[in-house]
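Report on the structure given below.
Throughout, a chain's letter reflects where its sequence line sits, starting with A, and its residues are numbered from 1.
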Amino acid sequence: MGDYLSGLWTVFETYNVLDAFWVNIQLTFWAGLFALALGTVLAIMRISPIASLRFVGTAYVNIIRNTPLTIIMTFMILALVFQLALELSSDLTTSFFRFAIVGLAIYHASFVCEAIRSGVNTVPLGQAEAARAIGLPFLDSARLVILPQAFRGAIAPLGSVLIALMKNSTVAAAASVTTETSSVMKVAIEFNPNYLLEIFGVFAIGWLILVIPVGLLTTWLSERLAVKR
Amino acid sequence: MSASVLFDAPGPRSRALTNLFNVLGALVFLALLGWVVYILQLKGQWSWTLWGPVFGSEFWLYYVWPGLQNTLRSAAFATVGAVVFGVVFGMGRLARNRLLRTASGAVVEFFRAMPVLLLMIFLNLAFARLMPQVEDRPFLAVVVALILYNGSVIAELVRSGVLNLPRGQGEAGLSVGLTEGQTLRSIQLPQALVAMLPALLSQLVVVLKDSALGQIIAYPELLRSVQRFASGNNNPLQALLVAAALFIVINWLLTVLAHRLARRLSSRTAGATRVVQTEAAVLPGGAATGVDGPDDGGPRPTAEP
């Protein structure tokens, strides 16, 4: 029993679980920020009355949404870093990390775009007609009537994109980021096969702690802020 | 575009402005495209020594086809398994027995919170320890991980599908003397499943995309197979673009099919048929998030029968 516990202790002394999760959190934060920016631009393009912008936005979403994230991440490293010799940092590890962020952002921007657009779709046409009927010009009706309702309708889908992004940050493993949780877990188990279940258990609990509060929070927020119709 | 909440029918002045921006937008986009083409030209990426192998029969016969077969094989097994898992645990979550309900809920929430890759890597290592004599362990790990995750998502779809049926359906079953279990099995579940079919098809897109994670645990699916080819020819850019195009075409066809099905089935069930294409269709805690729009040709989430 004493051997068992001290062995387990050594495992987690060697492999720092918190550091691994911190890498996933950083990936999620930066990729989320860029995905939100790019996704918002795409959503504006897709709901604009300008046909060429709409076409580009739709094409982006349909192409990226149907591509496996693993291919995007592999492409970042094999094609952009090695074949085209692009770099986002002189240090290769940092460069991998940043390309992983770019890949995650490109992929999730398409889902952010659709989440925002579905928020706009929750606003009934009557709201816009009412705004025009009382004489509001375009900008005022968008600013005061449509967009506030659209954002509130987009919270739940945006929350599920955030959760997907958190979990997908593990796919950075395909972009040679070796310090994130799934890669660290793999190495930890490979060198300590006796503690297979224990090591997985610790990482699993970590993910539950990370994901479930975000889910509960966005569900709560979306219900609290939902426009009751 | 159909009637938009955001924009009024344009007058002559805004029509002219729209046209102007239309042309400007197209020019900016073409300029961007041209810039990418130019950069690739600078780096010598248009040379036939790089593109040639990708159009050769060797690539398609010995790399793409076996890889694609493995991808489709794992996706097919995973989909069938996930539907079974989803129906069993979805019914479990609707059971009267509290213990059964809580246990099913815990299982479903657990697997929905796990990254599929983490699960896949764990299963691969666990199988290596439990059954080292089995050859096809990465295949098993891919399939089981996909079943556990997508099955949990489907379980939520089943649950919300049953709960979103009109109350009268369940009440009618009870009033003709069926027990609650019989009502669920013979009245509510069949309608919920028909309503779910389009959502299931778009879940198949998720399964197909996630099967590419098998690359990381050395399952010889399409991506890994193509990558192996590329490392021999030093053309990962070209080869990966082809692999991505294949995935895009298959998934796009599935999405189109899902939308068609949603329209056709809407008369067959009291439930709302609709296509949800996200990474995670339902939030933990139960808020369903429909990502849908009239532009996709799908029905709007607010459509009431």
Side-chain angles (χ1 to χ4, degrees), chain A residues 47 49-53 56 58 62-63 65-68 70-71 74-75 78-79 83-84 111 114-115 117-118 120-121 123 125 127-128 132 138 142 146 156-157 159-161 163-164 167 170-171 173-174 181-182 185-186 189-190 193 196 200 203-204 207-208 211-212 215-216 218-219 222-223, chain B residues 1 3-8 10 18 21-22 25-26 29 43 45 109-110 113-118 121-122 125-126 129 205 209-210 212-213 215-216 223 227 230 236-237 240 243-244 247-248 251-252 255 277-287 289-295 300-302:
Chain A
I47 56 177
I50 298 160
S52 62
L53 295 187
V56 174
T58 310
N62 281 335
I63 289 173
R65 200 169 54 167
N66 287 324
T67 313
T70 325
I71 291 199
T74 312
F75 187 86
L78 289 186
Q83 198 174 347
L84 296 184
F111 294 97
E114 294 305 87
R117 221 163 58 91
S118 81
V120 176
N121 279 340
V123 183
L125 195 56
Q127 296 287 326
R132 277 177 217 137
F138 169 68
I146 311 292
S160 69
V161 175
I163 291 175
K167 296 194 294 170
T170 52
V171 186
T181 47
S182 70
M185 183 189 78
K186 177 167 179 268
I189 294 179
E190 274 169 352
L196 176 90
F200 172 68
F203 280 98
W207 275 106
L208 290 179
V211 167
I212 287 183
L216 292 178
T218 43
T219 303
S222 70
E223 274 163 15
Chain B
M1 197 159 84
S4 152
V5 276
L6 276 171
F7 300 103
D8 210 343
T18 307
F21 278 112
N22 197 1
F29 173 65
K43 307 242 175 195
Q45 292 302 320
E109 293 296 341
F110 177 82
M114 278 310 111
V116 187
L117 179 60
L118 194 87
I121 291 176
F122 163 69
L125 293 166
R129 206 166 142 71
V205 173
K209 287 197 298 181
D210 280 353
L213 287 171
Q215 178 238 31
I216 298 170
L223 171 59
Q227 208 179 315
L237 184 118
L240 286 176
F247 270 105
I248 292 166
N251 289 333
W252 177 75
T255 312
Q277 191 181 13
T278 52
E279 281 286 284
V282 196
L283 283 171
T289 62
V291 173
D292 204 344
D295 295 22
R300 297 183 73 141
T302 45

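- Distance alone, capped at 3.5 Å, is enough to place a donor-acceptor pair between the B:K209 side chain and the A:R65 backbone.
- When heavy atoms are compared at a cutoff of 4.5 Å, A:F138 approaches chain B solely by way of its side chain, counted from C-beta outward.
- In this structure, the portion of B:F29 lying under 4.5 Å from any heavy atom of chain A is its side chain and not its backbone.
- The nearest pair of heavy atoms linking A:L78 to B:Q227 is CD1-CG, 3.5 Å.
- Residues A:S52 and B:A26 share a closest heavy-atom pair of OG-N, 3.4 Å.
- To the nearest 0.5 Å, atoms OG1 (A:T67) and CD1 (B:I248) are separated by 3.5 Å.
- With contacts defined as side-chain heavy-atom distances shorter than 4.5 Å, the pair A:I63/B:W252 does not qualify.
- Here the straight-line distance linking atom CG of B:L223 with atom OG1 of A:T74 works out to 4.5 Å at 0.5 Å rounding.
- Counting all heavy atoms, side chain and backbone alike, A:M185 lies closest to B:I121 at CE-CG2, 4.0 Å.
- Sparse packing is recorded around CZ of B:F21, with 12 or fewer heavy atoms of other residues, nucleotides or ligands lying under 6.0 Å away.
- With contacts defined as side-chain heavy-atom distances shorter than 4.5 Å, the pair A:K167/B:V116 does not qualify.
- In this structure, B:R129 has no salt bridge (Lys or Arg N to Asp or Glu O under 4.0 Å) partners at least two apart in sequence or on a different chain.
- The minimum heavy-atom distance linking B:G25 with A:L53 is given by the pair CA-CD2, 4.0 Å.
- Summarising the geometry of B:A113 relative to A:V211, their closest heavy-atom pair is O-CG2, 3.7 Å, with the distance given to 0.1 Å.
- Under the rule for a side chain to side chain contact (heavy atoms under 4.5 Å, CB included), the partners of A:A173 that lie at least two apart in sequence or sit in another chain are A:E180, A:S182, A:S183, B:L117.
- If you measure heavy-atom distances from A:V171 to chain B, the contacts under 4.5 Å come from both the backbone and the side chain.
- Put simply, the side chain of B:L118 reaches to within 4.5 Å of the side chain of A:F200, judged on heavy atoms.
- For chain B, the nearby part of A:I146 is the side chain; its heavy atoms alone come within less than 4.5 Å.
- Contacts of A:Q83 with chain B are made by both backbone and side-chain atoms, with heavy-atom separations under 4.5 Å.
- For the pair A:I71 and B:L240, the tightest heavy-atom approach, listed with the atom from each and the gap, is CG2-O, 4.2 Å.
- When each of B:A230, B:P10, B:A244 is checked for heavy-atom pairs under 4.5 Å with chain A, B:A244 comes out on top.
- Between the CD atom in B:Q45 and the CG atom in A:L84 there is a gap of 5.0 Å [rounded to 0.5 Å].
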